Amino acid sequence: MIVDLPNTTISKVSKQLVQIREQGGAVALGRVLTLVIQTTLSGLEDAIKAANESSHEHPCRVIVLAEDDAFTQTQGAEGAAEDRLDAQIRIGGDAGASEVIVLRAYGEVSDQPESLITGLLLPDAPVVAWWPADAPAHAANSQIGAIATRRITDAASALDHRAFLANLADTYTPGDSDFAWTRLTLWRQQLAAILDQPPYDAVTGAVVTGAVDSPSTDLLAAWLKLKLKVDVEVVRVERGSTGNGIKGVKLQRTSGDIEIVRRVPDIATLIQPTQPVREVSLPRRSLRDCLSEDMRRLDPDDLFGKVIKTFKTA
């Protein structure tokens, strides 16, 4: 069910939520957190879809602050944007296991996002903030980030992902996370599993190959450098049939190199000395996968903090 509330107030939105629950709609009981999303209208539905799918694992209230991609706001008599708030409430089949509140603010109302969401936050529940596209220069110091337990950005959406990661390293605050790091979970698990098998001779160097626009490639190289204490070379290639992202990893050892190469989507080839070549599953992670993982742990990711600092000093 979708309820539109044009030209409204936060108080009216809150009362409408209560009315919906009293009429037998979705209840707030069992909601474990509030997810606040700041995005553009063009990215609105993709973000809500990911939140709805993640809500089956993490029942939550989703508050979306939607901004126009271009200046198309209603103009007042003096040419300035008219002060106004439009809202939409989605529940039931339109909201997964959550309740979704979409807010579109105009004029001076849009300058105070914290005041817009404060009256809609679930009481005594953690707040997760997610910026699917443009993110504040200092997420933890932004109005939304300051009240969030966890703050999620996505370096892959930046025009210059290396500058984005460098700024993230400079402004890192415990609780910060980025999907470029979350997309590495399966790669890190696979590499750790390989190194946990004989022979146990030390890695003397590593090479990470990835697309020119892949921030995950940089973070994987930083993780290997941090964990293995070796020099890691980063090789850039053009995007191909496997899309953007990591193309392969080579671990150099005296007993022979280990390689994981992804030549086709979702499947990688594992090459090890004295062993037959085999295929391993390395699927690309969706927005839903990344969001679910970041919502699964609300404590600070100390390892990410070390890795992002290692990237900056590399």
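Residues take their numbers from the sequence shown, with the count starting at 1. Note that this is a predicted model, so its numbers are computed, not measured.
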Any side-chain to backbone donor/acceptor pair from Thr118 onto Glu114? Under 3.5 Å, distance only.
yes

Please round to the nearest 0.5 Å and tell me the distance separating atom CG of Asp170 and atom NZ of Lys309.
6.5 Å

Go through the steps for Thr173 and His138 under the test side chain to side chain contact (heavy atoms under 4.5 Å, CB included), then give the verdict.
CA-CA 9 Å; Thr173 304; His138 192 160; 3.7 Å; yes

So which heavy atom on Pro126 is nearest to which on Val32, and how close?
CD-O, 3.4 Å

Under-4.0 Å salt bridge between Arg183 and Asp178:
no

When you measure from the side chain of Thr204 to the backbone N and O of Gln252, does any donor-acceptor pair fall under 3.5 Å?
yes

Under a 4.5 Å cut-off applied to non-hydrogen side-chain atoms, are Thr39 and Glu67 in contact?
no

Heavy-atom pair with the smallest gap, counting every atom of Met295 and Ser54
SD-CB, 4.3 Å

Single-linkage hydrophobic cluster Val212~Phe164, side-chain heavy atoms < 4.5 angstrom
no

Can you get from Ile260 to Ile271 by hopping between Ile, Leu, Val, Met, Phe, Trp and Tyr side chains that sit under 4.5 Å apart?
no

So Tyr172 and Phe304, would you call those rings parallel, tilted or perpendicular, with 30° and 60° as cut-offs?
perpendicular

With a 6.0 Å cut-off on ring centres, are Trp130 and Phe179 close enough?
yes

Side-chain contact test, heavy atoms from C-beta onward, threshold under 4.5 Å: evaluate it for Gln88 versus Ile101 and give yes or no.
no

Shared hydrophobic cluster, Val207 / Leu270 (ILVMFWY, side-chain heavy atoms < 4.5 Å)
no

Electrostatic pair Asp301:Lys306 at N-O distance under 4.0 angstrom
no

Least distance between heavy atoms, Ala206 atom then Leu224 atom
CB-CD1, 4.3 Å

Is a side-chain donor-acceptor pair under 3.5 Å present for Asn52 with Ser55?
no

To the nearest 0.5 Å, what is the distance between CG on Leu121 and CG on Asp124?
11.0 Å

Do the non-hydrogen side-chain atoms of Val3 and Ile20 ever get within less than 4.5 Å of each other?
yes

Decide whether a cation-pi geometry holds between Arg151 and Trp131; the criteria are a distance under 6.0 Å from NZ or CZ to the six-membered ring centre and an angle within 45° of the ring axis.
no

Under a 3.5 Å distance rule, please check whether Arg61 uses its side chain to pair with a backbone N or O of Leu33 as donor and acceptor.
no

Euclidean distance, Asp201 CG relative to Ser255 OG, rounded to 0.5 Å
3.5 Å

Ignoring hydrogens and geometry, is there a side-chain-to-backbone donor-acceptor pair from Arg262 to Leu282 under 3.5 Å?
yes

Exercise: identify the closest heavy-atom pair between Thr8 and Ala87:
CG2-CB, 3.8 Å

Please examine the side chains of Leu116 and Gln143, heavy atoms only from C-beta on, and report whether any two atoms are closer than 4.5 Å.
no

I want to check something: taking the side chain as every heavy atom from C-beta on, are Leu103 and Ile10 in contact at a cut-off of under 4.5 Å?
yes

Please assess Asp86 against Arg84 for the test salt bridge (Lys or Arg N to Asp or Glu O under 4.0 Å), listing each intermediate value before the final yes or no.
CA-CA 7 Å; Asp86 293 339; Arg84 171 176 171 157; 2.8 Å; yes

Pro113 side chain near Gln38 side chain, heavy-atom distance below 4.5 Å:
yes

When clusters are formed by joining ILVMFWY residues with side-chain heavy atoms under 4.5 Å apart, either directly or through shared neighbours, do Val261 and Val234 land in the same one?
no

State whether the side chain of Arg297 and the backbone N or O of Pro300 hold a donor-acceptor pair below 3.5 Å, judged by distance alone.
yes

Over 12 foreign heavy atoms within 6.0 Å of CZ, Arg278
no

Considering only NZ, NE, NH1 and NH2 on the basic side and carboxylate oxygens on the acidic side, decide whether Glu99 and Arg90 come within less than 4.0 Å.
no

Between Met1 and Ile89, is there a shared hydrophobic cluster once you connect ILVMFWY residues whose side-chain heavy atoms come closer than 4.5 Å?
yes

Mind listing the closest non-hydrogen atom pair of Ile144 and Ala129 along with its distance?
CG2-CB, 3.7 Å

Between Lys250 and Glu233, does at least one N-O distance fall below 4.0 Å, as a salt bridge requires?
no

Sidechain-backbone polar pair: Ser14 side chain, Ser11 backbone, donor-acceptor under 3.5 Å:
no

Val62/Ile37 under side chain to side chain contact (heavy atoms under 4.5 Å, CB included): CA gap, chis, key distance, verdict:
CA-CA 7 Å; Val62 180; Ile37 305 173; 3.8 Å; yes

Find the distance between CG (Leu17) and CG (Leu5) and round it off to the nearest 0.5 Å.
8.5 Å

Nearest 0.5 Å please: distance from the OG atom of Ser214 over to the CZ atom of Arg162.
11.0 Å

Using modelled atom types and a 3.5 Å cut-off, is there a donor and acceptor pairing between side-chain atoms of Arg150 and backbone atoms of Asp294?
yes

Test your reading of the model: is there a side-chain donor-acceptor pair from Asp83 to the backbone of Glu108, 3.5 Å cut-off?
yes

Can you see whether His161 engages Asp218 through a side-chain donor-acceptor pair at a distance of less than 3.5 angstrom?
yes

For Ala180 against Ser216, the heavy-atom pair lying closest together
O-OG, 2.7 Å

Would Asp46 and Ile48 count as a side chain to side chain contact (heavy atoms under 4.5 Å, CB included) here? Give the steps.
CA-CA 6 Å; Asp46 286 342; Ile48 291 178; over 6 Å; no

Between Ser42 and Thr40, is any side-chain donor less than 3.5 angstrom from a side-chain acceptor?
yes

Below 4.5 Å, heavy atoms only, C-beta onward: do Arg104 and Leu85 meet side chain to side chain?
no

Atom pair OG1 (Thr182) and CD1 (Ile152), whose distance is rounded to the nearest 0.5 Å:
7.0 Å

How about Glu259 and Val249: do any of their side-chain heavy atoms sit closer than 4.5 Å?
no

Residue Asp111 excluded, over 12 heavy atoms near CG under 6.0 Å
yes

Applying side chain to side chain contact (heavy atoms under 4.5 Å, CB included), run through Leu303 and Trp223 and close with a yes or a no.
CA-CA 9 Å; Leu303 178 58; Trp223 175 71; 4.1 Å; yes

